[in-house]
*Asks:* 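Quick one: structure below, then a few questions.
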There are 2 protein chains.
Amino acid sequence: MPERVPVISATLSKSIHNLARIMERQTTIKDIAQALRISTSTVSRALRDAPDVGEETRKAVKALAEELDYQPNKLALSLLNKQTNTIGIIIPNLDYVLATMVRGIDEVALEAGYTVMVCQSDESFGREMVNTKRLLDSLVDGFIISVSSETRVFEHIKKIQSKKIPLVLFDRVIDNVNVPKVKLDNVEGGRIATQHLLDQGYKKIAVIAGPENMNVSNERIEGHYEVLKQNKIKPDKNAIIHCEFNQDYAYIATKELLTGKNRPDAIFAISDRLAIGAMIAIKEFGLKMPKDIGLVGFNNEPITKLLTPAISSVEMHAFEMGKATAKIFIEMMHSDADLSEKEIVFKPKLFIRESSNRGL
Amino acid sequence: MPERVPVISATLSKSIHNLARIMERQTTIKDIAQALRISTSTVSRALRDAPDVGEETRKAVKALAEELDYQPNKLALSLLNKQTNTIGIIIPNLDYVLATMVRGIDEVALEAGYTVMVCQSDESFGREMVNTKRLLDSLVDGFIISVSSETRVFEHIKKIQSKKIPLVLFDRVIDNVNVPKVKLDNVEGGRIATQHLLDQGYKKIAVIAGPENMNVSNERIEGHYEVLKQNKIKPDKNAIIHCEFNQDYAYIATKELLTGKNRPDAIFAISDRLAIGAMIAIKEFGLKMPKDIGLVGFNNEPITKLLTPAISSVEMHAFEMGKATAKIFIEMMHSDADLSEKEIVFKPKLFIRESSNRGL
DNA sequence: TTACCCTGCGGCAACGATGCCGGAAAGGGT
DNA sequence: ACCCTTTCCGGCATCGTTGCCGCAGGGTAA
């Protein structure tokens with residue numbers, strides 16, 4: 001073995017020792033190259049353990065990189081590779097269910113090397129558009145979206161698709177759009193809630209629903225109707241009240257229901273927040289649950305157990321849905337398979353509590 | 001005025017018309033330059049309305065940019081300007097209070113042109129470190145952090161500071177660190193809660209607190225002690241129970257308190273979640289609030305109003321705190337003033353409800 | 001000796017955008 | 001006729017990193 005003169009002399013590398021504290025800039029590959037009097041290409045290869053780098057050089061580079069706390073500049077890499085390892089998430093708000101889903105997404109995404117940017121649309125279509133634009137500008141690698149209750153047109157979705165950027169819809173999905181979706185079987189949710197109320201002997205069920213154009217809400221109503229039909233009960237259009245996803249609206253709606261001539265003996269609320277609004281109104285009317293009136297909510301938020309009476313509610317597996325969503329996203333990024341038809345549907349589960357449990 | 005030959009011929013620009021739909025890549029400044037047979041510099045200047053660009057050229061460039069839906073590449077700009085217009089937020093979780101604060105931050109940040117990256121540490125110090133590293137790698141322009149309950153050493157904070165990256169602490173702040181802070185006057189919060197319980201005739205107040213090293217919790221205890229002292233009541237060390245920020249721990253702790261020989265007649269819980277745990281235990285013991293025992297929580301979560309009995313709680317202005325935090329952050333970015341000593345302190349406000357209201 | 005192959009490294013271009021400098025063309029002034 | 005100014009634009013370097021090509025030097029085989 002011939003004695004090759006090492007490219008880097010020991011004395012030289014000593015003289016660099018106190019460089020780290022002087023630098024206020026982030027160390028770059030060029031700094032290392034200059035200090036070691038070698039080219040940036042070589043430093044780059046040495047750091048990535050490329051084969052064609054001398055042993056001595058590699059060691060010297062790695063040692064200095066360690067010492068100077070070198071961190072590769074992600075911006076430069078992103079510019080080069082045209083990917084940012086970032087996922088843009090757009091959700092209507094950060095309530096319990098969505099926060100839990102985001103936690104699920106985050107967990108899987110982090111594991112796969114992605115960082116998430118969460119934007120809240122605040123249930124506003126305008127802000128959803130703005131968020132989409134911003135995230136598009138930020139060059140996120142893809143989108144995970146749950147649409148706002150106001151969203152009636154889908155230009156922003158089309159725009160994302162036209163740029164061939166991966167997109168997964170979850171929770172509040174849109175049907176006539178060709179992307180993978182992760183959702184709850186909301187129809188089934190409506191079925192089990194309604195069937196349960198009928199089983200408990202309730203005859204006239206009112207539904208407090210979300211906005212009229214909202215799929216999630218409409219699907220639950222669909223399940224409700226199905227079960228009514230199965231049980232040969234004539235549905236009453238007036239028993240379906242649409243309102244914004246907000247406790248106060250539900251409160252008002254319930255008061256009207258209870259004041260009207262055709263007072264229901266049970267209420268199926270499309271979300272727990274709405275159920276709570278209904279509950280407050282019911283209490284004000286001096287009605288007792290489950291005796292005078294039954295109440296079932298949706299989402300199975302922890303607080304439903306804690307209220308008096310505890311509210312029956314339909315569980316939607318938020319955390320698992322979040323994880324599943326992120327997994328599909330990752331799969332889209334890593335494989336060429338066409339997943340646009342993919343749809344993961346979670347099965348709802350009813351938790352029966354005091355508000356509707358007559359023990360029948 | 002002399003007839004200058006326009007750089008761009010009308011026919012040429014016509015021939016480009018159907019370019020947009022062919023491109024699947026994002027349009028770049030170079031595409032425009034090539035199409036118009038001018039240099040990228042000129043395109044850049046034209047788009048930014050620089051003075052030394054001919055009128056014809058400017059119009060042609062802008063028209064084509066519009067047509068091709070040109071969007072400047074943020075990555076390239078960030079690499080050049082060394083700023084990403086991104087704020088890294090690290091929080092322990094996304095519970096009601098923090099989600100509300102994040103909404104406040106988001107609102108102000110968006111307005112100022114920043115996008116936020118939210119990372120949850122899940123109350124784990126390890127994940128807080130990992131999150132810091134990731135956001136540092138992502139070259140965020142600055143940090144907004146609320147530390148986890150596990151956090152006992154502050155290397156990651158020091159690291160951020162050593163790189164001279166702007167940092168604002170909020171909610172759960174650290175005292176011996178020289179950065180701007182936004183927080184609640186927790187001592188005062190402890191004072192008003194305790195004073196209220198004394199006013200209502202409770203004699204032996206137990207405190208269900210967070211982990212022992214947690215500032216927020218300890219400050220509230222400090223206020224509690226102060227008021228006891230003012231009222232010449234001898235504090236009982238055993239009446240302070242430390243537990244993780246979790247409803248179940250509070251439930252267990254309360255059961256122990258109520259079983260012990262020195263049973264308290266009031267409980268001050270350092271958070272509403274802990275108060276709920278306590279409430280469940282109290283109910284199991286068959287004790288009535290406010291008659292047998294008083295209960296005060298902290299955070300004033302909406303659910304406190306809804307429980308039976310409704311729980312008295314200390315409001316902490318989460319949304320406003322979030323906005324204030326973001327405003328300081330923006331101020332740090334835009335001015336050279338040294339804000340490291342700045343500390344914004346919000347005043348707590350007690351909402352008295354059934355759980356502690358004996359009508360005295 | 002010639003021909004060739006490895007090893008180890010440097011140089012250049014590229015990603016998309018901006019800043020700075022220089023320079024051509026045309027006009028004005030003396 | 002000369003010089004100088006203005007207008008308008010192109011070229012080059014730069015940000016930090018990687019990929020590709022090429023090349024020197026030494027070794028091996030014919």
Side-chain angles (χ1 to χ4, degrees), chain A residues 1-8 23 25-61 65 68-85 136-139 141, chain B residues 1-8 23 25-61 65 68-85 136-139 141:
Chain A
M1 185 147 179
E3 281 271 329
R4 298 188 60 137
V5 179
V7 180
I8 299 127
M23 310 258 308
R25 223 177 66 257
Q26 265 290 16
T27 312
T28 73
I29 232 173
K30 200 186 288 181
D31 297 322
I32 300 181
Q34 284 179 348
L36 262 31
R37 303 195 189 293
I38 56 180
S39 77
T40 57
S41 317
T42 305
V43 175
S44 172
R45 278 182 305 234
L47 288 173
R48 280 171 302 130
D49 284 319
D52 52 349
V53 179
E55 193 56 32
E56 309 239 16
T57 312
R58 187 197 317 281
K59 278 184 184 163
V61 168
L68 296 183
D69 189 31
Y70 167 76
Q71 297 298 130
N73 185 314
K74 279 209 175 173
L75 248 34
L77 288 175
S78 294
L79 183 59
L80 207 53
N81 304 330
K82 297 181 182 311
Q83 60 166 330
T84 53
N85 292 310
L136 231 29
D137 283 352
S138 294
L139 298 171
D141 289 344
Chain B
M1 185 143 178
E3 282 272 330
R4 297 189 59 139
V5 179
V7 179
I8 299 127
M23 310 260 306
R25 222 177 66 256
Q26 265 290 18
T27 313
T28 72
I29 229 172
K30 199 185 290 182
D31 298 321
I32 301 181
Q34 283 178 351
L36 260 35
R37 301 199 193 292
I38 57 179
S39 76
T40 57
S41 318
T42 305
V43 175
S44 171
R45 277 183 304 236
L47 289 173
R48 281 171 301 130
D49 282 320
D52 50 349
V53 180
E55 194 55 32
E56 310 240 17
T57 312
R58 187 198 319 281
K59 277 183 184 163
V61 168
L68 297 182
D69 189 31
Y70 167 76
Q71 297 297 130
N73 185 312
K74 280 210 177 174
L75 248 33
L77 288 175
S78 294
L79 184 59
L80 207 52
N81 304 330
K82 299 182 181 309
Q83 58 165 333
T84 53
N85 293 311
L136 232 28
D137 283 354
S138 295
L139 299 171
D141 289 343

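The chains referred to below are lettered A, B, ... by the order of the sequence lines, with proteins before strands, and numbering in each begins at 1.
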*Asks:* B:Arg48 and B:Ser44: side-chain donor and acceptor closer than 3.5 Å?
*Replies:*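 Result is yes, a qualifying pair exists.
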*Asks:* Only counting residues at least two apart or in another chain, list the ones meeting side-chain contact (heavy atoms from CB on, under 4.5 Å) with B:Thr84.
*Replies:* A:Leu75, B:Ser78, B:Thr86, B:Leu139, B:Asp141
*Asks:* Got a sec, which residues hit side-chain contact (heavy atoms from CB on, under 4.5 Å) with B:Lys30, two or more places apart in sequence or on another chain?
*Replies:*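 With sequence neighbours excluded, B:Lys30 shows a side-chain contact (heavy atoms from CB on, under 4.5 Å) to B:Thr28, B:Gln34, B:Thr40, given in chain and number order.
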*Asks:* Base, backbone or nothing for each nucleotide of nucleotides 19-24 of chain D, written B, S, -, heavy atoms under 4.0 angstrom, 5' to 3'?
*Replies:* BB----
*Asks:* So, is B:Thr28 near the phosphate of C:dG16, with a side-chain N or O under 4.0 Å from OP1 or OP2?
*Replies:* no
*Asks:* Applying side chain to side chain donor-acceptor pair (under 3.5 Å), name anything that partners A:Gln83, two or more places apart in sequence or on another chain.
*Replies:* none
*Asks:* Determine: side-chain N/O of A:Lys74 to OP1/OP2 of D:dG16, distance under 4.0 Å, yes or no.
*Replies:*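 Answer is no, no contact under 4.0 Å.
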*Asks:* Expressed as a whole number of angstroms, how long is the span from A:Gln34:CD to D:dT14:P?
*Replies:*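 Nearest whole value for this atom pair: 11 Å.
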*Asks:* Write down the distance between NZ (A:Lys30) and P (D:dA13), rounded to a whole number of angstrom.
*Replies:* 12 Å
*Asks:* A:Ile32 has an atom CD1; how far is it from atom P of D:dG16, in whole Å?
*Replies:*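 Rounded to whole Å, this separation is 13 Å.
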*Asks:* Can you find a side chain N or O atom of B:Thr42 that sits less than 4.0 Å from OP1 or OP2 on D:dC9?
*Replies:* no
*Asks:* Side chains of B:Val61 and B:Val53, heavy atoms from C-beta outward: is any pair under 4.5 Å?
*Replies:*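 Contact flag for B:Val61/B:Val53 side chains = no.
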*Asks:* Hey, which of these two, B:Pro51 or B:Leu79, hits DNA chain D nearer its 5' end, going by closest nucleotide?
*Replies:*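 Per heavy-atom nearest nucleotide, the more 5' residue is B:Pro51.
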*Asks:* Write down the distance between CZ (A:Arg58) and C1' (C:dT7), rounded to a whole number of angstrom.
*Replies:* 12 Å
*Asks:* Once you apply a heavy-atom cut-off of 4.0 Å, does B:Gln83 come out as touching a base, just sugar-phosphate, or nothing?
*Replies:* nothing
*Asks:* Give one of base, sugar-phosphate or nothing for A:Leu77, where a contact means two heavy atoms less than 4.0 Å apart.
*Replies:* sugar-phosphate
*Asks:* Whole angstroms only, please: what is the NZ-C1' distance between A:Lys82 and C:dC15?
*Replies:*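 One finds 6 Å between C1' of C:dC15 and NZ of A:Lys82, rounded.
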*Asks:* I want to check something: taking the side chain as every heavy atom from C-beta on, are B:Arg45 and B:Asp52 in contact at a cut-off of under 4.5 Å?
*Replies:*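 The answer is yes, as the side chains (C-beta and beyond) meet within the 4.5 Å cut-off.
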*Asks:* In this structure, how many angstroms lie between the C1' atom of D:dT17 and the CG atom of A:Asp31, rounded?
*Replies:*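 Distance check: A:Asp31 CG to D:dT17 C1' gives 13 Å.
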*Asks:* Let me know the distance between CD1 of A:Ile29 and P of D:dC15, rounded to the nearest Å.
*Replies:* 14 Å
*Asks:* For B:Asn81 and C:dG19, what is the distance between atoms CG and P respectively, to the nearest whole Å?
*Replies:* 8 Å
*Asks:* So, using side chain to side chain donor-acceptor pair (under 3.5 Å) as the criterion, who are the partners of B:Ser138 when residues are at least two apart?
*Replies:* none
*Asks:* What bend angle does the helix from C:dT1-D:dA30 to C:dT30-D:dA1 show across its length, from five-pair end axes and to the nearest 10 degrees?
*Replies:* 70°
*Asks:* Can you name the salt bridge (Lys or Arg N to Asp or Glu O under 4.0 Å) partners of A:Arg58, sequence neighbours left out?
*Replies:*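 Here the qualifying residues are A:Asp49, A:Glu55.
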*Asks:* Got A:Ile38 and A:Ile32 here, is their nearest side-chain heavy-atom distance under 4.5 Å?
*Replies:* no
